[in-house]
2 protein chains.
Amino acid sequence: MVDSIDKKLLEILKENARLSFADLGRKINLSPSAVRERVQKMEDIGVIKKYSIQIDNQKIGYDIEAFILLKVFQGQLKYVIQQITKFPQITEAHRITGSQNIHLKVVLKNQLELQNLIDQLMSLGDTNTFLILSKIE
Amino acid sequence: MVDSIDKKLLEILKENARLSFADLGRKINLSPSAVRERVQKMEDIGVIKKYSIQIDNQKIGYDIEAFILLKVFQGQLKYVIQQITKFPQITEAHRITGSQNIHLKVVLKNQLELQNLIDQLMSLGDTNTFLILSKIE
DNA sequence: CGTGAAAAACCAGGGGC
DNA sequence: GCCCCTGGTTTTTCACG
């Protein structure tokens, strides 16, 4: 379904998703059209979900990033999941195991916005916030 | 530095980073070269950090994703940060505030691999693992 | 599943507003 | 900061192994 060549392509694309099929082919010794077929197949079967960009949020005025664990109030999970998608500040959300059932990643301009968000989330459940200090890479 | 047109471009690129400058221009009524100038400027100043892909890990045999909070043992932080980059299973790592000072996202093939990873991490600090059940979107 | 060659579309770079 | 033009590259499609 996905062989070692495909995996190599995925690794390369993870680092630079704008390379042309010709460039990709040069890196792994394959013709452009062969590369294209493989990549397209991975798009079709959903291995590649989306091409995206990574943004430096600080440089566009969003100085605060944080993870928030949310322990949703009894019986409110469906409602909360539906609400969460409406917050533009929430950039990622996952259901997780454990007593805290939702994990959020949020991006905000300043502490005031964080406070506002937490105030709103508090009506949905108990929150536990971890500010992101830096990315390790 | 980054105006509202730039932000629109970022939003579009976040969803589909492979659109041509021509397509981007069509979406926001701008010529291809104007779009190119803006996008290139954002690359130059580092607003766009990288073009990447989102992969469906389950479809390539990685059935387990999890967040792990790590409370690093006293005085070991620098060492741990340096070690963490060596684990291919760790796809994201952040320093965070709170008594648990590192937040990890990990991707693994099965429970055995998770167990192995946790065993290794236990030599660096106290772990707290949350399996990811699903992505909310 | 891979190759090769065609036309169509796209990109970099520079001049002009 | 935006638009247009041009030469060169890339993508796309398709017929073939």
Side-chain angles (χ1 to χ4, degrees), chain A residues 1-63 88 91 107-110 113 137, chain B residues 1-63 88 91 107 109-110 137:
Chain A
M1 198 146 181
V2 172
D3 63 16
S4 69
I5 297 179
D6 288 334
K7 290 213 176 135
K8 241 181 242 170
L9 285 172
L10 291 175
E11 283 309 311
I12 298 172
L13 286 171
K14 229 191 284 183
E15 287 309 308
N16 185 354
R18 291 217 92 175
L19 288 178
S20 69
F21 296 133
D23 283 334
L24 290 170
R26 257 165 243 139
K27 280 187 188 272
I28 61 172
N29 289 329
L30 223 59
S31 76
S33 20
V35 173
R36 184 174 162 279
E37 278 178 22
R38 285 172 173 275
V39 172
Q40 221 160 42
K41 188 198 65 187
M42 291 195 283
E43 292 172 7
D44 291 341
I45 63 179
V47 169
I48 296 176
K49 287 196 288 189
K50 124 182 342 175
Y51 294 86
S52 189
I53 53 173
Q54 287 178 30
I55 296 173
D56 188 329
N57 288 298
Q58 297 206 25
K59 293 208 169 125
I60 55 173
Y62 291 84
D63 286 329
T91 56
V107 176
L108 306 141
K109 290 211 166 114
N110 49 48
E113 279 200 5
E137 41 195 354
Chain B
M1 200 145 183
V2 172
D3 64 16
S4 68
I5 298 179
D6 288 334
K7 290 212 176 138
K8 239 182 243 171
L9 286 172
L10 290 176
E11 282 309 311
I12 298 172
L13 286 171
K14 231 192 281 183
E15 287 308 310
N16 185 354
R18 291 216 90 174
L19 288 178
S20 67
F21 296 137
D23 282 334
L24 289 170
R26 260 164 239 141
K27 278 189 190 270
I28 60 172
N29 289 330
L30 222 60
S31 76
S33 22
V35 173
R36 183 163 61 88
E37 281 173 22
R38 284 171 175 275
V39 171
Q40 230 160 36
K41 188 198 66 189
M42 290 195 285
E43 292 172 7
D44 290 342
I45 63 180
V47 169
I48 296 176
K49 287 195 288 188
K50 153 193 300 191
Y51 294 86
S52 189
I53 53 173
Q54 287 179 27
I55 297 173
D56 187 330
N57 288 299
Q58 297 206 24
K59 294 210 169 123
I60 55 172
Y62 290 83
D63 287 328
T91 57
V107 176
K109 290 211 165 114
N110 48 49
E137 42 194 354

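Scope of the values below: all heavy atoms of this structure, side chains included, with no hydrogens, waters or symmetry mates.
Taken residue by residue, residues 10-28 of chain B places heavy atoms nearer than 4.0 Å to DNA chain C at Ser20(B), Phe21(B), Ala22(B), Arg26(B). Taken residue by residue, residues 45-55 of chain A places no heavy atom nearer than 4.0 Å to DNA chain D.
One atom, CD of Gln40(B), and another, C1' of dG1(D), lie 14 Å apart when rounded to the nearest Å. In this structure, the CG atom of Leu9(A) is 14 Å from the C1' atom of dG2(C), given to the nearest Å. Atom CZ in Arg38(B) sits roughly 4 Å away from atom P in dC2(D) (whole-Å rounding). Rounded to whole Å, atom C1' of dC3(D) lies 10 Å from atom CG of Leu30(B). Straight-line distance from the CD atom of Glu37(B) to the P atom of dG16(C): 16 Å, rounded to whole Å.
Contact check on Asp44(A) versus Lys41(A) returns no salt bridge, with no Lys/Arg side-chain nitrogen under 4.0 Å from an Asp/Glu carboxylate oxygen.
Between the side chain of Ser33(A) and the base of dG2(C), no donor-acceptor pair of N or O atoms lies under 3.5 Å. With hydrogens and angles ignored, no donor-acceptor pair closer than 3.5 Å exists between the side chain of Arg36(A) and the base of dG2(C).
Other residues, nucleotides and ligands place no more than 12 heavy atoms under 6.0 Å from the NZ atom of Lys8(A).
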- Message: Between Glu43(A) and Gln40(A), is the side-chain contact (heavy atoms from CB on, under 4.5 Å) condition met? List the steps.
- Response: CA-CA 5 Å; Glu43(A) 292 172 7; Gln40(A) 221 160 42; 4.2 Å; yes
- Decide yes or no on side-chain contact (heavy atoms from CB on, under 4.5 Å) for Met1(B) and Val47(B), but give the supporting numbers first. CA-CA 10 Å; Met1(B) 200 145 183; Val47(B) 169; over 6 Å; no
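Inter-residue side-chain proximity for Leu24(A) and Arg38(A) is flagged as unmet; no heavy-atom pair is nearer than 4.5 Å. Between Lys14(A) and Ile55(B), the closest side-chain pair of non-hydrogen atoms falls below 4.5 Å.
Of all the heavy atoms in Ala22(B) and Pro32(B), the pair that sits closest is CA-CG, 4.0 Å. Here the shortest heavy-atom pairing between Gly25(A) and Val35(A) reads CA-CG2, 3.5 Å.
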